Number of protein chains: 2
Amino acid sequence: MKAANINLLKEQLPDYLPGVSLDCVILGYQNQNLSLLTMQWDQGNYFSLPGGFIRRDEDLSMAAYRVLEERTGLKVPMLTQFETFGEINRNDRSFTNHILKRFNITDPKIKDWFEQRFISVGFIALVDKEQCTPGSDMFGNTSSWIPIDQLPPLILDHQEMVTSARSFLKKQLNYFPVGSALLDEKFTMKDLQILYETILEKPLDRANFQKRMLKLDILIRHEKKMDGGAYRAPYLYSFNPIRYRELLDRGIGY
Amino acid sequence: MKAANINLLKEQLPDYLPGVSLDCVILGYQNQNLSLLTMQWDQGNYFSLPGGFIRRDEDLSMAAYRVLEERTGLKVPMLTQFETFGEINRNDRSFTNHILKRFNITDPKIKDWFEQRFISVGFIALVDKEQCTPGSDMFGNTSSWIPIDQLPPLILDHQEMVTSARSFLKKQLNYFPVGSALLDEKFTMKDLQILYETILEKPLDRANFQKRMLKLDILIRHEKKMDGGAYRAPYLYSFNPIRYRELLDRGIGY
DNA sequence: ACAAAAGTGTTATCCTTACACCCATGT
DNA sequence: ACATGGGTGTAAGGATAACACTTTTGT
């Protein structure tokens, strides 16, 4: 962490609401795999979700977009609130103490701020990993993608947040703009199916998936994709953006 | 508001987390109607949801049960978190100012506390109105049932909270212990149907509803209810508590 | 006998699931 | 020609919705 910026932080603390924070569970999809956007502390000794505080002059939901961008550089089209975490023992002093010592922070104002109990609002987004390059925040902490099944231990109750967010996503998948932002402009039916299978963590029947998706009338069929494989060439599809938006409100697919 | 208790409040303020509150949307069912548990301020000039603050030594969810009981005397079996409200303009100064003036509160500590911006976590419960007698809190504010379609204007964004809670309930109805706590020990199929219709705000087909409920295998059929009407007597039913709990996890009914 | 409301049955339609079959493609 | 994966078809089963029919009750 950079010392100069810690002083800057100290000056800014009064601009933030005390006791409330937010954390973002950002799931990145690429190549049949989900990754979690993770922040690294203290050269990789600690890992957390990207999170932060709410300014006194901004909405909670706006704060989520700002925090995510400040910490990781990511601009996402939609962040959805999924749960608020307020257990008394969710604050793990050991992490806070370690960070305060590690960076020699003795200023009582900053100490008090970080040692206070926080209630944290959880937000979730699902993005195309390829189009998002995680960066660093003003303290030099870096963010990066970690495959969801290779997560290190996360600080505080962040692991629980991830679990809750994924279960939320499965239930709400029909109301998420899953396809349009996560796939290339043109994609095959198999690409779309794998995306759904990855999120739902279960196999889907190829034939039934295809019929279901086509019946929704949100796909435009294009030319075939001749990729040189020794098999029938699959069609390429793109989303019909108008129909897509219409359907999002009512729920799409599975 | 009672002056003695305001001093007590002042002493207790340090025990609470600043900036975070919770509000309870308690829906009471009786006779085909839903009512909202509402708090009256200043002889009925203002109405609000029962809400309060979180102690530094308790979980957020525990706080909800305590707050509800302290404000209204109600003990409910289950409170469910549905949304957290944090818009910058959700705090309506006019109400706060009026209350502070009305009760001549000049103590800066109390003033500052009530004038700060709050992020509020919303909880919902559905109860049998007949088994709940709303009472008063330590400040002499009374709570009472008001039919959901005759609500007066509520303070702050409490009306929005009610709307959000009801829409949440409709979607989650299958996972709520609707029947067992809201009807008499023994009830007719029509009673159950009307309950569902009231919550979902739409008519259901009598024959199909009956078949659906019976197929769930959560009802025990008892003797007929001879109420003297000039028509075939309906059966009385009760819930099979074991099967009921089993099914709650997986979702019941509509 | 009759009205009223409860209980039960019937039918058509749709959705889901599982699987089979044929089609296109490069080797 | 053949293996491979893509596109389409079919049939069984279940769920849903609309409505008809029968039964029981008090007048």
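Worth saying up front: this structure is predicted, and the values here are computed from it rather than measured. The basis for the numbers below is simple: all heavy atoms, side chains too, and nothing from hydrogens, waters or symmetry mates. All chains are named by letter (A, B, ...) in the order of the sequence lines, taking the proteins before the strands, and each is independently numbered beginning at 1.
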*What does nucleotides 19-27 of chain D look like as a protein-contact string, B for base, S for sugar-phosphate only, - for none, at under 4.0 angstrom between heavy atoms?*
B---BBBB-
Rounded to the nearest angstrom, tell me the gap between atom [atom1] in [X] and atom [atom2] in [N].
X        : N      : atom1 : atom2 : value
B/Asp227 : C/dA6  : CG    : C1'   : 11 Å
A/Arg212 : C/dC14 : CZ    : P     : 16 Å
A/Leu204 : C/dA18 : CG    : C1'   : 14 Å
A/Tyr235 : D/dT8  : OH    : C1'   : 11 Å
B/Met213 : D/dA15 : CE    : C1'   : 15 Å
A/Leu216 : C/dT16 : CG    : P     : 10 Å
A/Arg221 : D/dG6  : CZ    : C1'   : 10 Å
B/Lys215 : C/dG9  : NZ    : C1'   : 14 Å

*Looking at residues at least two apart in the chain, or sitting in another chain, which of them share a side chain to side chain donor-acceptor pair (under 3.5 Å) with B/Asp128?*
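Scan of B/Asp128 (side chain to side chain donor-acceptor pair (under 3.5 Å), adjacent residues dropped) gives B/Gln131.
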*For A/Glu83, enumerate each residue passing the side chain to side chain donor-acceptor pair (under 3.5 Å) test, keeping only those at least two apart in sequence or located in another chain.*
A/Ser164
[X]: what forms a side chain to side chain contact (heavy atoms under 4.5 Å, CB included) with it, not counting sequence neighbours?
X        : value
A/Pro152 : A/Phe47, A/Ile146
B/Asn240 : B/Ile220, B/Ile242, B/Arg243
A/Glu201 : A/Arg166, A/Lys170

*Report the C-alpha distance between A/Tyr237 and A/Leu192 in whole Å, list the side-chain angles of each, state the deciding distance to 0.1 Å, and finish with yes or no for side chain to side chain contact (heavy atoms under 4.5 Å, CB included).*
CA-CA 10 Å; A/Tyr237 294 91; A/Leu192 187 57; over 6 Å; no
*Can you tell me which residue pairs pass the salt bridge (charged side-chain N to carboxylate O under 4.0 Å, His left out) test with a partner in residues 225-236 of chain B, sequence neighbours excluded?*
none
*So does B/Glu223 have more than 12 non-hydrogen atoms from other groups sitting under 6.0 Å from CD?*
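It does: B/Glu223 CD has more than 12 such atoms within range.
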*Between the first and last five pairs of the helix from C/dA1-D/dT27 to C/dT27-D/dA1, the angle of the axes, rounded to 10 degrees*: 30°
*With sequence neighbours left out, which residue pairs that include part of residues 22-32 of chain A fulfil the side chain to side chain donor-acceptor pair (under 3.5 Å) condition?*
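Matches after skipping sequence neighbours: A/Asp23-A/Ser120.
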*Output every pair passing side chain to side chain donor-acceptor pair (under 3.5 Å) with a member in residues 142-161 of chain B, not counting sequence neighbours, ordered by first then second residue.*
B/Arg90-B/Asp157
_Selection: residues 187-195 of chain A, any non-hydrogen atom under 4.0 Å of DNA chain C_ = none
Residues 62-79 of chain B, side-chain donor-acceptor partners within the protein, below 3.5 Å, at least two apart:
| unit_1 | atom_1 | unit_2 | atom_2 | d |
| --- | --- | --- | --- | --- |
| B/Tyr65 | OH | B/Leu79 | N | 2.9 |
| B/Arg66 | NE | B/Glu58 | OE1 | 3.0 |
| B/Arg66 | NE | B/Glu58 | OE2 | 3.0 |
| B/Arg66 | NH1 | B/Glu70 | OE1 | 3.1 |
| B/Arg66 | NH1 | B/Glu70 | OE2 | 3.3 |
| B/Arg66 | NH2 | B/Phe53 | O | 2.8 |
| B/Arg66 | NH2 | B/Glu58 | OE2 | 2.5 |
| B/Arg71 | NE | B/Asp137 | OD2 | 2.8 |
| B/Arg71 | NH1 | B/Gly51 | O | 2.6 |
| B/Arg71 | NH2 | B/Asp137 | OD2 | 2.7 |
| B/Thr72 | OG1 | B/Leu68 | O | 2.7 |
| B/Thr72 | OG1 | B/Leu74 | N | 3.2 |

